[in-house]
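Contents: one structure, followed by commentary.
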Amino acid sequence: MSVDVYADEYPALNNEQIDWIGSQIFNNECGRLTACLTSWNEGESFPSLGLGHFIWYQAGQEEIFEESFPALLGFLRNEGATIPAWLEEENYESPWPDRSAFRSEFESRKMSELRTFLHQHSREQTAFIIERFNGALEKILASITAENSPGLPEAEAKARLNENFFMVANSSPPYGLYALIDYVNFKGTGTSVLESYQGQGWGLKHVLLGMNPNLSPLQAFVESARNVLATRVQNAPVERAESRWLAGWNNRLNTYTP
């Protein structure tokens with residue numbers, strides 16, 4: 001698809017498009033199944049909750065992936081939502097020591113209440129995902145320095161990334177913004193040095209810098225994302241067996257083009 005506008009601004013999203021983006025993300029994460037709003041994937045050490053499968057850690061737990069569920073709860077509270085009392089009692093820290101304990105409580109009152117709460121506040125979760133995305137470009141550009149610029153002078157790397165970002169954002173509205181918003185929620189901005197295997201990250205920064213200028217923006221974005229995620233799988237610790245997820249990830253990327 002061609003790009004209509006190469007503007008250094010986001011195209012405006014109306015309420016219908018915002019709801020569509022939220023529905024797409026829910027489908028990507030959960031196949032639109034309410035039961036999936038409280039999940040703990042095999043091979044992972046944390047649950048993934050809500051529309052965007054936000055990560056939730058136990059007290060003192062340290063992982064390479066960015067935790068986002070407590071921030072969601074804070075956002076929902078600021079939006080006027082009444083947080084379930086038991087979540088307040090847990091001080092926004094995951095109460096389950098492992099996947100087995102989580103699964104044993106799947107039909108419990110607490111878990112059912114949590115799914116109902118998350119289902120009722122799906123629109124607010126979409127707003128949270130978009131709000132997190134809104135600062136992504138500034139954060140990514142600030143992370144590129146002369147010391148870590150990817151084989152390019154710092155100014156050139158920033159200019160390429162900035163141009164690619166807005167070319168994608170303005171492609172086939174609302175698909176371009178959906179691709180960027182979903183990828184940030186899905187695999188992060190790429191600005192954390194912790195979110196990497198063997199020194200190579202997989203966030204939005206890496207996808208934008210790897211885009212082929214000979215392809216249309218959305219096609220280039222999807223192709224670059226495929227390459228970035230394939231590299232992640234190759235570099236991942238063997239015990240994580242991430243190759244089992246690659247087909248699903250690629251199917252998700254397919255939804256980025258009309």
Side-chain angles (χ1 to χ4, degrees), residues 1 3-4 10-41 47-56 65-66 68-69 71-84 106 111-137 165 168-189 203-204 207 216-219 221-222 225-226 229 245-258:
M1 291 289 178
V3 178
D4 298 319
Y10 302 160
L13 292 171
N14 59 39
N15 288 335
E16 182 180 356
Q17 290 171 328
I18 291 171
D19 288 343
W20 177 80
I21 289 173
S23 179
Q24 288 290 102
I25 294 173
F26 187 26
N27 187 58
N28 291 339
E29 296 289 359
C30 285
R32 298 190 177 95
L33 298 174
T34 303
C36 181
L37 291 172
T38 53
S39 298
W40 189 316
N41 294 328
S48 300
L49 307 171
L51 180 79
H53 267 197
F54 309 105
I55 292 173
W56 196 16
F65 307 107
E66 181 182 1
S68 49
F69 187 66
L72 170 67
L73 293 178
F75 179 86
L76 292 175
R77 174 193 273 172
N78 290 338
E79 290 294 302
T82 301
I83 307 298
F106 193 81
M111 197 88 76
S112 296
E113 184 181 14
L114 178 56
R115 283 191 292 273
T116 298
F117 170 75
L118 292 170
H119 182 69
Q120 290 173 340
H121 295 285
S122 58
R123 175 169 285 189
E124 291 92 336
Q125 290 174 73
T126 303
F128 172 72
I129 290 169
I130 293 174
E131 182 179 86
R132 294 177 72 211
F133 163 77
N134 283 337
L137 179 61
F165 179 94
V168 174
N170 285 282
S171 292
S172 302
Y175 279 88
L177 268 180
Y178 157 58
L180 295 171
I181 291 167
D182 183 67
Y183 198 88
V184 168
N185 182 70
F186 172 40
K187 292 301 177 196
T189 58
L204 180 63
V207 176
S216 67
L218 279 176
Q219 290 173 326
F221 185 84
V222 170
R226 289 187 191 281
L229 294 178
W245 296 325
L246 189 57
W249 292 348
N250 286 332
N251 287 338
R252 184 178 192 141
L253 300 178
N254 288 338
T255 69
Y256 294 172
T257 55

Side-chain contact test, heavy atoms from C-beta onward, threshold under 4.5 Å: evaluate it for Leu76 versus Leu72 and give yes or no.
yes
Donor + acceptor pair across side chains of Arg123, Asn15 (<3.5 Å):
no
Residues forming a salt bridge (Lys or Arg N to Asp or Glu O under 4.0 Å) with Arg252, sequence neighbours excluded:
Glu29, Asp182
Are Leu180 and Phe165 close enough that some pair of their side-chain heavy atoms sits under 4.5 Å apart?
yes
So do the side chains of Ser39 and Leu49 get within less than 4.5 Å of each other, counting heavy atoms only?
no
What pairs with Phe128 under ring pair (Phe, Tyr, Trp, His ring centres under 6.0 Å), at least two apart in sequence or on another chain?
Phe54, Phe75
Of all heavy-atom pairs linking Asn254 and Thr257, the shortest is O-OG1, 3.4 Å
Answer yes when Glu124 and Arg77 have at least one side-chain N-carboxylate O distance shorter than 4.0 Å, and no when they do not.
no
Closest non-hydrogen atom pair between Pro174 and Leu13, with its separation
CB-CD2, 3.8 Å
Any side-chain heavy-atom pair of Pro258 and Leu218 under 4.5 Å:
yes
Minimum heavy-atom separation for Leu51 and Gln125, please, with both atom names.
N-OE1, 2.7 Å
Test log, rule ring pair (Phe, Tyr, Trp, His ring centres under 6.0 Å), inputs Phe106 and Trp40
CA-CA 10 Å; Phe106 193 81; Trp40 189 316; over 10 Å; no
Side-chain heavy-atom pair Ile55, Glu66 within 4.5 angstrom cut-off
no
Hits for side chain to side chain donor-acceptor pair (under 3.5 Å) against Thr34, two or more places apart or cross-chain, chain-then-number order -> none
With side chains defined as the heavy atoms from C-beta onward, is the minimum distance between Gln24 and Asp19 less than 4.5 Å?
no
His53 side-chain N/O to Phe26 backbone N/O, donor-acceptor pair under 3.5 Å:
no
Whether Gln17 side chain and Asn14 backbone form a donor-acceptor pair below 3.5 Å:
yes
Any chance the rings of Tyr256 and Tyr178 have centres within less than 6.0 Å?
yes
In this structure, is the centre-to-centre distance between the rings of Trp249 and Tyr183 below 6.0 Å?
no
Donor-acceptor under 3.5 Å (Thr255 side chain, Asn251 main chain):
no
Tightest non-hydrogen contact, residues Leu253 and Val222, listed as O-CG2, 3.6 Å
Can you name the nearest heavy-atom pair linking Pro11 to Ala169, along with the distance?
CG-O, 3.2 Å
Indicate the atoms forming the closest heavy-atom contact of Ala136 with Val184, along with that distance.
CB-CG2, 4.2 Å
